[in-house]
Number of protein chains: 2
Amino acid sequence: MAQFDVLPVNQIAGKATMDSMPVRCRSCGVRDTALCASLGDGELSALHDIGRRRIIPAGQVVSWAGDPNAICANIVRGVLKVTASMADGREQIVGLLYSGDFVGQLFAEESSLTVIALTETDLCCYSRTSFEHVLDDFPRLERMLLKRTMSSLNDARERMLRLGRQNAQERVAGFILDVALREGLEDEEGELNVVLPISRGEMADFLGLTIETVSRQLTRLKTDGVIAFAKGDRVCTIPERERLEAIVNPF
Amino acid sequence: MAQFDVLPVNQIAGKATMDSMPVRCRSCGVRDTALCASLGDGELSALHDIGRRRIIPAGQVVSWAGDPNAICANIVRGVLKVTASMADGREQIVGLLYSGDFVGQLFAEESSLTVIALTETDLCCYSRTSFEHVLDDFPRLERMLLKRTMSSLNDARERMLRLGRQNAQERVAGFILDVALREGLEDEEGELNVVLPISRGEMADFLGLTIETVSRQLTRLKTDGVIAFAKGDRVCTIPERERLEAIVNPF
DNA sequence: CGGAACGTTGAGCATAATCAACGACTGTGG
DNA sequence: CCACAGTCGTTGATTATGCTCAACGTTCCG
């Protein structure tokens with residue numbers, strides 16, 4: 001009954017704006033970076049109507065490998081990991097997804113990968129089949145998805161080079177550099193500061209190493225002065241980016 | 001002048017059929033498996049008009065990493081490798097492409113990967129930008145490309161698990177199994193026979209190993225009776241598929 | 001206070017890389 | 001025709017890298 005008060009108010013507010021952008025979308029933090037950016041304000045309702053906001057606590061599974069592939073989503077806030085695993089428990093993180101990224105494999109009846117929230121995460125979830133139908137009606141949406149999928153494929157292939165050909169030192173250094181370039185901030189002294197989004201164990205699963213090896217390589221980078229840690233094990237400072245780059249791409 | 005005789009004849013032959021399928025496409029071996037399968041006979045001319053057949057000898061580079069990303073293509077016949085490499089020469093094969101597969105990264109100004117023909121290869125080449133324009137006009141073509149790209153992404157992710165978490169024995173066995181399931185033929189005794197499409201060195205580059213390790217693992221599989229070689233190093237027989245599968249996916 | 005989760009460090013070991021030698025096969029040129 | 005180099009694959013000896021097992025410190029929370 002309380003819902004009755006709330007919902008109509010939102011709808012009225014929506015109609016009161018110049019265009020017909022749905023209310024939930026109007027305040028959405030990834031309106032201009034997620035796939036939605038390919039839709040005009042008026043077109044958003046097609047996605048809005050099939051979407052549902054969901055908050056996932058850290059550590060919770062979003063979708064299991066082997067389950068029917070029922071949902072896909074835009075990430076509004078948070079970080080997800082996509083993992084592949086073997087029967088005996090060996091695990092590999094095959095992708096990390098951030099705000100604005102799209103989650104889910106379309107056109108497949110069964111999902112072969114497990115998706116887990118690393119931080120508390122806001123998702124804008126769609127039924128996979130409904131999303132596929134919306135795709136039929138909005139070519140720009142499909143085009144944007146195609147571009148992103150091609151770009152993900154490229155990322156995956158670059159990561160294969162790392163997993164197949166780089167040693168532990170290069171992998172760890174490369175990971176820190178990637179995160180720093182994506183999310184890092186320069187301070188007043190020109191140092192690059194970044195919060196590592198994952199634990200040592202998750203870094204190991206991402207890099208195809210063990211926890212111990214990741215830890216040892218981090219201490220080595222630390223004693224060599226290439227990186228420094230402040231306030232815990234997650235906050236990392238990079239005094240000279242060039243030194244890190246030299247490790248990742250040697251001659 | 002001789003051309004004058006030939007070309008009109010082809011055009012007449014094209015128009016003489018019930019539909020307007022271009023001549024070159026009518027005899028094409030991958031008409032129904034490549035991306036073209038998403039187009040009706042009449043629609044084919046859009047691709048046909050911008051396409052050009054090209055024969056690439058074995059070993060020749062189709063496109064270099066770092067070059068302007070100018071072309072894409074359908075593979076009519078042959079096998080290509082897609083490689084990523086580091087400044088110091090380390091190399092990783094990130095994809096193998098067969099007849100009917102699509103080659104090229106769209107919507108990127110520079111290509112980051114090198115493509116090389118492993119066998120003599122027939123390509124149906126398009127200028128990348130022209131192809132992108134055709135994509136605008138044929139939603140079914142774009143949809144098929146999206147599906148394939150998603151499926152390639154999935155393959156790439158499964159390969160990350162291998163590169164990150166499997167040992168040499170499992171990688172080599174897994175590779176043989178993959179090729180056998182894709183291209184192998186059962187003989188009268190129920191044995192699976194397959195011709196390995198690449199050399200030991202290329203297998204090493206594909207699996208993130210060295211030539212010596214690949215060779216040793218193959219001899220180990222051979223002495224264990226899991227596989228056998230006949231007529232050279234490329235023709236491989238698998239007496240019991242289950243034994244190979246047990247190695248790839250242990251408990 | 002006890003336990004759990006996370007991270008670091010050490011000792012020993014196993015796996016795959018490196019370095020080296022050699023056989024089989026192919027094509028080339030004398 | 002044979003000698004030769006070149007490519008490809010195999011095998012052996014040795015080494016280095018990263019894994020395994022184990023212990024221990026810190027932080028957080030019941």
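For the pair A:Leu207 CG and D:dC19 C1', the interatomic distance rounds to 15 Å; values are reported in whole Å. When the P atom of C:dC6 is taken as reference, atom CZ of A:Arg200 falls 12 Å away, rounded to whole Å. As rounded to whole Å, 10 Å separates atom P of D:dG9 from atom CD1 of B:Ile198. The distance from atom CG of B:Leu118 to atom P of D:dC8 is 12 Å, rounded to the nearest whole Å. Atom P of nucleotide C:dC6 and atom CZ of A:Phe229 are separated by 16 Å, given to the nearest angstrom. Rounding to whole angstrom units, CG of residue A:Asn167 and P of D:dA16 are separated by 15 Å. When the P atom of D:dG18 is taken as reference, atom CZ of A:Arg171 falls 8 Å away, rounded to whole Å. In this structure, CD of A:Gln166 is placed 15 Å from P of D:dT17, rounded to the nearest angstrom.
Using a 4.0 Å heavy-atom distance criterion, A:Gly59 is classed as making no nucleic acid contact. Residue contacts for B:Gly232: at a heavy-atom cut-off of 4.0 Å it reaches no nucleic acid atom on any strand shown.
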For nucleotides 26-30 of chain D, tabulate all protein N/O to nucleotide N/O atom pairs closer than 3.5 Å, reporting atom names and distance.
none

Can you check ring-ring contact (aromatic ring centres under 6.0 Å, His included) on B:Phe131 and B:Phe102, steps first, answer last? CA-CA 12 Å; B:Phe131 189 89; B:Phe102 179 79; 5.1 Å; yes
Determine whether B:Arg162 and B:Asp178 satisfy the following criterion, salt bridge (charged side-chain N to carboxylate O under 4.0 Å, His left out), listing intermediate values before the conclusion. CA-CA 12 Å; B:Arg162 292 215 169 144; B:Asp178 280 354; 2.8 Å; yes
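Taken from CG in B:Leu192 to CG in B:Asp187, the straight-line distance is 8.5 Å, to the nearest 0.5 Å. Rounding to the nearest 0.5 angstrom, the gap separating the CD atom in B:Glu202 from the NZ atom in B:Lys81 is 5.0 Å. For the atom pair CD of B:Glu240 and CD1 of B:Ile227, the computed distance is 13.0 Å after rounding to the nearest 0.5 Å.
For the pair A:Leu145 and B:Met150, the minimum side-chain heavy-atom distance is below 4.5 Å.
In this structure, A:Arg200 satisfies the cation-pi test against A:Phe229, with its NZ or CZ atom closer than 6.0 Å to the six-membered ring centre and inside 45 degrees of the ring normal. A cation-pi arrangement is absent between B:Arg77 and B:Tyr98 under the rule of less than 6.0 angstrom and at most 45 degrees off the ring axis.
For the segment residues 212-228 of chain A, the set of residues with a heavy atom within less than 4.0 Å of an atom of DNA chain C comprises A:Glu212, A:Ser215, A:Arg216, A:Thr219, in numerical order.
For A:Arg52, the CZ atom counts as loosely surrounded, since its 6.0 Å shell holds 12 or fewer non-hydrogen atoms of other residues, nucleotides or ligands.
When the nearest nucleotides of DNA chain C are assigned to A:Ile211 and A:Arg165 by heavy-atom distance, the more 5′-ward of the two goes with A:Ile211.
For C:dC6, the OP1/OP2 oxygens have no side-chain nitrogen or oxygen of A:Ser199 closer than 4.0 Å. A close approach under 4.0 Å does occur between a side-chain nitrogen or oxygen of A:Thr210 and OP1 or OP2 of D:dC19.
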